[in-house]
A.B. asks: 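Please find one structure pasted underneath; my questions will follow.
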Amino acid sequence: MLKFFQFIHGYLIIKVQGFSPERFMNLASHHRLFLWDIENHGDFYLMSISLKDFYKLKSITKKTGTRVFIQKKCGLPFYVPRVKRRKFFVLGLILSMSFWIWMSAFIWAIEIRGNFHLTNDVLLRFLSEQGLKVGKRRKDVDIEKIEKSLRNEFDIITWTSARINGTRLILQIKENELGEPEEIAAVISDEEGFDLVAAKDGVIVSIMTRSGVPLVMAGSEVFAGDVLVEGGVPIFNDDLTVRSYQYYQADADIYLRTDFNHIEILPIDYEEKVFSGKESKVRYFEILGKRIKFGFFSHDFENFDIIDEKTQVRLLENFYLPLFFGSELAREYQINAKKYSSEEAKTIFSGTAKKIIENLTEKGVQIIEKNVTMKKDNVNWYLDVDFLVIEKTGKSVPTTLYVPPATDAEE
């Protein structure tokens with residue numbers, strides 16, 4: 001704080017030499033003149049003094065036989081006159097600072113992390129429908145609303161976290177690859193509970209119940225929608241009739257032996273792109289969604305793909321601007337009509353079957369029998385996947401357990 005006031009009022013760095021510099025400093029202190037940053041250089045001293053106190057040194061220099069030389073002028077009083085001579089520079093600086101401050105009030109980049117199944121395009125399109133897109137004011141962004149709307153719209157999203165860093169919105173999500181419902185606290189309330197129901201037909205392999213009342217056991221055959229664990233524990237009257245229920249979120253590890261079926265279709269006829277190697281490139285500058293191209297495509301390609309590459313401008317790590325530099329590359333190709341042979345279809349389907357098995361394994365599904373067949377008709381090749389698997393089941397739904405209030409006659 002002291003340095004700040006010294007800068008505001010202005011100060012000098014002076015050189016003191018002569019008969020008795022030490023007596024000069026003692027008299028200055030006696031007259032309450034503040035000296036600081038004193039350096040002894042043998043034949044002379046360097047020190048700092050305020051601009052106001054400097055004008056009081058004349059009598060002290062006469063008494064001590066010393067001479068004072070100004071080495072450097074510091075502070076606002078010396079800076080302002082120079083600034084006045086550069087009015088256009090100052091005006092430009094003020095306008096520039098005002099522009100960057102105004103730009104910092106908006107979101108100019110949205111970064112999504114943690115998504116594997118949901119693409120950025122899908123999520124950005126949904127956010128745009130909700131009114132959140134590049135160019136929105138930071139103060140108008142409702143973080144809690146964004147997080148809640150994403151969880152409500154996409155069942156696969158189990159956790160979201162959004163934050164604003166500079167002009168960038170960072171959205172972190174977590175996807176539930178097993179497709180299981182989010183955990184709910186064990187005891188819901190005295191009036192609401194959730195059952196676990198079967199998601200598929202099959203045979204129960206094992207069941208371990210943590211809360212609720214199990215209705216099945218190992219070896220039980222169940223159908224989709226059957227209640228496996230009730231979310232209400234009955235409270236009985238003295239005559240063993242149900243007086244009420246204590247409601248819970250039914251919670252259990254239930255494994256079901258069931259069938260997994262999947263059919264993959266591959267058209268026999270397809271079009272193959274063969275690139276000729278001819279290309280044409282145009283560079284561009286984009287601001288606020290408006291693209292300005294430097295030149296035109298110099299080609300007469302009948303069929304071509306365009307590869308768009310662009311880089312967003314940023315000043316700091318999190319200070320993005322609505323400015324892009326990039327290029328569009330047009331690549332010519334010819335279309336060849338072809339048909340998938342038996343070997344080609346088999347190779348493609350082999351990769352597809354491998355991915356299906358990997359996905360099931362990642363989800364904790366145990367495959368105990370495999371039956372994969374390939375066939376075709378006049379139009380398509382077909383991959384028929386028929387597995388016998390053991391997988392975790394149990395879908396949470398509101399319980400239907402309810403005890404009607406007793407009538408006066410029953411009481």
A.B. asks: Under a 4.0 Å N-O cut-off, is there an ion pair linking Asp269 with Lys339?
C.D. replies: yes

A.B. asks: Check the pair Asp251, Thr209 against side chain to side chain contact (heavy atoms under 4.5 Å, CB included), reporting the backbone distance first and the verdict last.
C.D. replies: CA-CA 6 Å; Asp251 186 15; Thr209 306; over 6 Å; no

A.B. asks: Give, for atom CD of Gln17 and atom CZ of Phe69, the distance between the pair rounded to the nearest 0.5 Å.
C.D. replies: 5.0 Å

A.B. asks: Taking the side chain as every heavy atom from C-beta outward, state whether Ile368 and Gln366 have any pair of such atoms under 4.5 Å apart.
C.D. replies: yes

A.B. asks: Could you tabulate the donor-acceptor pairs under 3.5 Å formed by side-chain atoms of residues 125-139, not counting sequence neighbours?
C.D. replies:
from, atom 1, to, atom 2, distance (Å)
Lys136, NZ, Gly131, O, 3.4
Arg138, NH1, Ser104, O, 3.3
Arg138, NH1, Gly166, O, 3.0

A.B. asks: How long is the span from the OG atom in Ser161 to the CG atom in Leu150, to the nearest 0.5 Å?
C.D. replies: 11.5 Å

A.B. asks: With the threshold set at 4.0 Å, does a side-chain nitrogen-carboxylate oxygen contact exist between Glu328 and Lys281?
C.D. replies: no

A.B. asks: May I ask you to decide if Leu196's main-chain N or O and Ser396's side chain share a donor-acceptor pair within less than 3.5 Å?
C.D. replies: no

A.B. asks: Side-chain contact test, heavy atoms from C-beta onward, threshold under 4.5 Å: evaluate it for Ile14 versus Leu46 and give yes or no.
C.D. replies: no

A.B. asks: With a 4.0 Å cut-off on N to O distance, would you call Asp305 and Lys273 a salt bridge?
C.D. replies: yes

A.B. asks: Nearest heavy-atom pair of Leu35 and Ile38: which atoms, and what distance?
C.D. replies: CB-CD1, 4.2 Å

A.B. asks: Using side-chain heavy atoms (C-beta onward) and a distance below 4.5 Å, is Met25 in contact with Tyr45?
C.D. replies: yes

A.B. asks: If you take all heavy atoms of Ile143 and Ala162, which pair is closest and at what distance?
C.D. replies: CG2-O, 3.3 Å

A.B. asks: For residues Ile146 and Val141, report the shortest heavy-atom separation together with the two atoms involved.
C.D. replies: CD1-CG1, 3.5 Å

A.B. asks: Run the numbers on Glu264 and Thr352 for side chain to side chain donor-acceptor pair (under 3.5 Å), then give the verdict.
C.D. replies: CA-CA 8 Å; Glu264 194 78 18; Thr352 302; 5.0 Å; no

A.B. asks: When you compare the side chains of Asp195 and Thr399, does any donor N or O come within less than 3.5 Å of an acceptor on the partner?
C.D. replies: yes

A.B. asks: Going by distance alone, is a donor N or O of one side chain under 3.5 Å from an acceptor N or O of the other, for Tyr382 and Asp377?
C.D. replies: yes

A.B. asks: Would you sort out whether Leu123 and Ile173 count as a side chain to side chain contact (heavy atoms under 4.5 Å, CB included), showing the intermediate values?
C.D. replies: CA-CA 11 Å; Leu123 294 172; Ile173 70 173; 4.0 Å; yes

A.B. asks: How long is the straight-line distance from CD1 of Ile335 back to CD of Glu272, given to the nearest 0.5 Å?
C.D. replies: 11.0 Å

A.B. asks: Taking all non-hydrogen atoms of both residues, which atom of Cys74 and which atom of Ile13 are closest, and how far apart?
C.D. replies: SG-CD1, 4.3 Å

A.B. asks: Is the positively charged end of Lys15 above the ring of Phe44, judged by distance under 6.0 angstrom from the centroid and angle within 45° of the axis?
C.D. replies: yes

A.B. asks: Quick one: do Lys338 and Glu271 make a salt bridge, cutoff under 4.0 Å?
C.D. replies: no

A.B. asks: Take atom NE2 of His30 as the centre, draw a 6.0 Å sphere, and report whether it contains more than 12 heavy atoms from other residues, nucleotides or ligands.
C.D. replies: no

A.B. asks: Side chains of Glu358 and Thr361: does their closest heavy-atom pair fall under 4.5 Å?
C.D. replies: no

A.B. asks: So do the side chains of Phe349 and Val372 get within less than 4.5 Å of each other, counting heavy atoms only?
C.D. replies: no

A.B. asks: Please check if the number of heavy atoms outside Asp43 that lie under 6.0 Å from its CG is greater than 12.
C.D. replies: no

A.B. asks: I would like to know whether Ser50 and Asp53 meet side chain to side chain donor-acceptor pair (under 3.5 Å); could you show each step before the answer?
C.D. replies: CA-CA 5 Å; Ser50 69; Asp53 290 346; 3.2 Å; yes

A.B. asks: Can you tell me if NZ on Lys310 sees more than 12 non-hydrogen neighbours from other groups inside 6.0 Å?
C.D. replies: yes

A.B. asks: Please walk me through it: do Glu111 and Arg113 pass salt bridge (charged side-chain N to carboxylate O under 4.0 Å, His left out)?
C.D. replies: CA-CA 7 Å; Glu111 181 179 337; Arg113 302 174 181 173; 2.7 Å; yes

A.B. asks: Should Leu171 and Arg163 count as side-chain neighbours, where that means a heavy-atom distance under 4.5 Å?
C.D. replies: no

A.B. asks: So which atom in Phe319 and which in Thr167 form the shortest heavy-atom distance, rounded to 0.1 Å?
C.D. replies: C-OG1, 3.4 Å

A.B. asks: Do Ile49 and Leu57 have side-chain heavy atoms sitting under 4.5 Å apart?
C.D. replies: yes

A.B. asks: Could you name each residue pair satisfying ring-ring contact (aromatic ring centres under 6.0 Å, His included) that touches residues 253-282, not counting sequence neighbours?
C.D. replies: Tyr270-Tyr340, Phe275-Tyr333

A.B. asks: Rounded at 0.5 Å granularity, tell me how far CZ in Phe116 sits from NZ in Lys174.
C.D. replies: 11.0 Å

A.B. asks: Ignoring hydrogens, what is the shortest heavy-atom contact between Gln312 and Ala109? Give both atom names and the distance.
C.D. replies: OE1-CB, 3.7 Å

A.B. asks: Measure the CD-CD1 distance between Glu391 and Ile254 for me, rounded to the nearest 0.5 Å.
C.D. replies: 12.5 Å

A.B. asks: Answer yes or no for Arg283 and Phe294: cation-pi contact, defined as NZ/CZ to six-membered ring centre under 6.0 Å and angle to ring axis within 45°.
C.D. replies: no

A.B. asks: Can Val313 and Phe325 be said to form a side chain to side chain contact (heavy atoms under 4.5 Å, CB included), step by step?
C.D. replies: CA-CA 8 Å; Val313 178; Phe325 291 97; 3.6 Å; yes

A.B. asks: Would you mind reporting whether Asp308 and Leu329 have side-chain heavy atoms less than 4.5 Å apart?
C.D. replies: no

A.B. asks: Does the side chain of Glu175 come under 3.5 Å of the side chain of Thr158 through a donor N or O and an acceptor N or O?
C.D. replies: no

A.B. asks: Once you measure the plane-to-plane angle for Phe106 and Trp108, does it fall in the parallel (<30°), tilted (30-60°) or perpendicular (>60°) bin?
C.D. replies: tilted

A.B. asks: Please lay out, stage by stage, how Ile390 and Leu256 fare under the test side chain to side chain contact (heavy atoms under 4.5 Å, CB included).
C.D. replies: CA-CA 5 Å; Ile390 295 177; Leu256 182 74; over 6 Å; no

A.B. asks: For the residue pair Asn165 and Tyr320, confirm or rule out a side-chain donor-acceptor distance under 3.5 Å.
C.D. replies: no

A.B. asks: Compile the donor-acceptor pairs under 3.5 Å between side chains in residues 220-230 and protein atoms, sequence neighbours left out, one pair per line.
C.D. replies:
from, atom 1, to, atom 2, distance (Å)
Ser220, OG, Met217, N, 3.1
Ser220, OG, Met217, O, 2.9
Asp226, OD2, Phe223, N, 2.8

A.B. asks: Salt bridge or not between Arg210 and Asp253? Use side-chain N to carboxylate O under 4.0 Å.
C.D. replies: yes

A.B. asks: Return the CG to NZ distance between Leu266 and Lys346, rounded to the nearest 0.5 Å.
C.D. replies: 15.0 Å

